[in-house]
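Here the structure comes first, spelled out in structure tokens, and everything after it is commentary.
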Amino acid sequence: MQKKASTVVFFGQTLAAVAQPLIIFTPTKMAALWFPDHQRATANMMASMANPLGILIANMASPKIARTAQLPLLMLVYAVVACVSCFLVTMGMRVLLRNRAYLLLLCFGSGVAVFTCFSTLLDQILCVQGYTDDFVGLCGALFIALGMVGAALPGLYVDKTKKFIEAIKVNMSLSAMVACAFTVVCLIQDQKVAVAIVCALFGFLGVSIYPAVMELSVECSYPVGEATSAGLVFISGQVQSLIYIILLQALATPIAESPRLTCTLAPQSWKVPVMLLSALSAVSSCIFLIFFHTPYRRLEDEKAAIYGTGQGNGTAASENK
């Protein structure tokens, strides 16, 4: 019976993971259809940050519900929210794969994978150094909350200036530097302030640029549909997340029992995995920083339509080849 239950849980988790990319990239579609060009990045920012906001609320509410009620009730609450969301939210691949700029943009998928690994493994990394679950939860909350706050800045900036590439390159570079800083502070005991600050900065710089990246994916792949171009970036990040998590866990090495250990898991050294995590962040940032260049195809097409220069979808489409 227990084995059967495990199979059902695994199958349900897999279905949820497969369905997530179909929802997560809809902000770009909504921004493109419902908002003018000078408001798209802001609209994308607000819609994109709804996802981490939901994660934040779930992280805060789930322990309280689980303490006062049975676990099946908690799962029922999740199911009701998911069903309501599904009720309310009712072949550009070939072109994308031939678009060199768009393929380079998939480097951001590596950034998504780094952030996913960070939030997933944070507890295991910090508990070995004696940090409590409450402190780890605070760091995770700071990571998401500061990312949501920081998303307003690049969103407003690129709406005014249309400098998507410049804003993303600056944020990715700074994020890589913060990832390297986390590699240092997470391996030192009794550094709560430093660890909390680094986690907050990592979210502020890394998570905040997500809406601008989604807009840039549309700009560099136009006239491919917004949902397709943005969705592939996110799916790439999810696939890389799975690979990174498996790899990092495999590289964690067992250590002797530590009196500072605060978690129930077997103690492991995460020195090599966190160094690899920062290296992956730095490499993906360098590739994007050096090699990524592209015209803003959608904006150019819209200007051509407004000013009647005779350049339209055909020009943008031919540049994608």
Expected output: side-chain Arg297 to main-chain Tyr222 donor-acceptor under 3.5 Å: no

What about Leu187 and Val272, same hydrophobic cluster or not, with Ile/Leu/Val/Met/Phe/Trp/Tyr joined at side-chain heavy-atom distances under 4.5 Å? yes

Would you find a donor on one side and an acceptor on the other, under 3.5 Å apart, between the side chain of Thr183 and the backbone of Val274? yes

Sequence neighbours left out, what pairs pass side-chain hydrogen bond (donor to acceptor under 3.5 Å, both in side chains) with at least one residue falling in residues 171-181? Asn171-Ser208

Assess the side chains of Ser110 and Tyr244: does a donor N or O sit below 3.5 Å from an acceptor N or O? yes

Taking the side chain as every heavy atom from C-beta outward, state whether Cys139 and Leu122 have any atom pair closer than 4.5 Å. yes

If I compare all heavy atoms of Ala167 with all of Ile209, which pair ends up nearest, and what's the gap? O-CD1, 3.9 Å

Heavy-atom neighbours of Lys162 NZ exceed 12 at 6.0 Å: yes

Which other residues end up in the same hydrophobic cluster as Met275, if Ile, Leu, Val, Met, Phe, Trp and Tyr are linked when side-chain heavy atoms come under 4.5 Å apart? none

Do the charged groups of Arg298 and Glu219 touch, with an N to O distance under 4.0 Å? yes

Single-linkage hydrophobic cluster, 4.5 Å side-chain cutoff, Phe291 and Ile165 together: yes

Cluster link Leu276 to Leu242, ILVMFWY, side chain under 4.5 Å: no

Calculate, to the nearest 0.5 Å, the distance between atoms CD1 and CD1 belonging to Ile290 and Ile287 respectively. 8.5 Å

Using a 4.5 Å cut-off on heavy atoms from C-beta on, say whether the side chain of Ile188 contacts that of Val195. no

Taking every heavy atom of Phe288 against every heavy atom of Leu216, the minimum-distance pair comes out as CZ-CD2, 4.1 Å

Give the cluster check for Leu289 versus Leu205: same hydrophobic cluster or not, with ILVMFWY residues linked at side-chain heavy-atom distances below 4.5 Å. no

Could you measure the distance from the CG atom of Leu299 to the CD atom of Glu215? Nearest 0.5 Å is fine. 9.0 Å

Are the side chains of Gln249 and Gln268 in touch, meaning some heavy atoms are under 4.5 Å apart? no

Any side-chain heavy-atom pair from Val114 and Phe202 closer than 4.5 angstrom? yes

Ser269 OG to Ile125 CD1 distance, which is reported to the nearest 0.5 Å: 10.5 Å

Using the rule that two of Ile, Leu, Val, Met, Phe, Trp, Tyr join whenever any of their side-chain heavy atoms come within less than 4.5 Å, decide whether Leu251 and Ile245 are in one cluster. no

When you measure from the side chain of Ser217 to the backbone of Met214, do you find a donor-acceptor pair of N or O atoms at a distance under 3.5 Å? yes

Hey, does Phe204 have a side-chain heavy atom less than 4.5 Å from the side chain of Leu153? yes

Hey, is the main chain of Phe164 close enough, under 3.5 Å, to the side chain of Tyr296 for a donor-acceptor pair? yes

Using a 4.5 Å cut-off between side-chain heavy atoms of Ile, Leu, Val, Met, Phe, Trp and Tyr, which other residues end up in the same hydrophobic cluster as Val218? none

Heavy-atom donor-acceptor pair, Ser119 side chain to Phe115 backbone, under 3.5 Å: yes

Both conditions, 6.0 Å and 45 degrees, for the charged tip of Lys192 above the ring of Phe135: are they met here? yes

So do Leu280 and Gln240 actually touch side chain to side chain, heavy atoms under 4.5 Å? no

Kindly say whether Met172 contributes a backbone atom to a donor-acceptor pair with the side chain of Ser285 at under 3.5 angstrom? yes

OG1 on Thr42 to CG on Leu156, rounded to 0.5 Å: 4.5 Å

Answer whether the closest heavy-atom distance between the side chains of Leu138 and Leu142 falls below 4.5 Å. yes

Parallel, tilted or perpendicular: rings of Phe143 and Phe118 (30°, 60°): tilted

Test item: Lys169 side-chain N/O and Phe292 main-chain N/O as donor-acceptor pair under 3.5 Å: yes

Indicate yes or no for a side-chain donor-acceptor contact from Tyr210 to the backbone of Val112 under 3.5 Å, with no hydrogens or angles considered. no

Is any side-chain heavy atom of Ser278 closer than 4.5 Å to one of Phe182? no

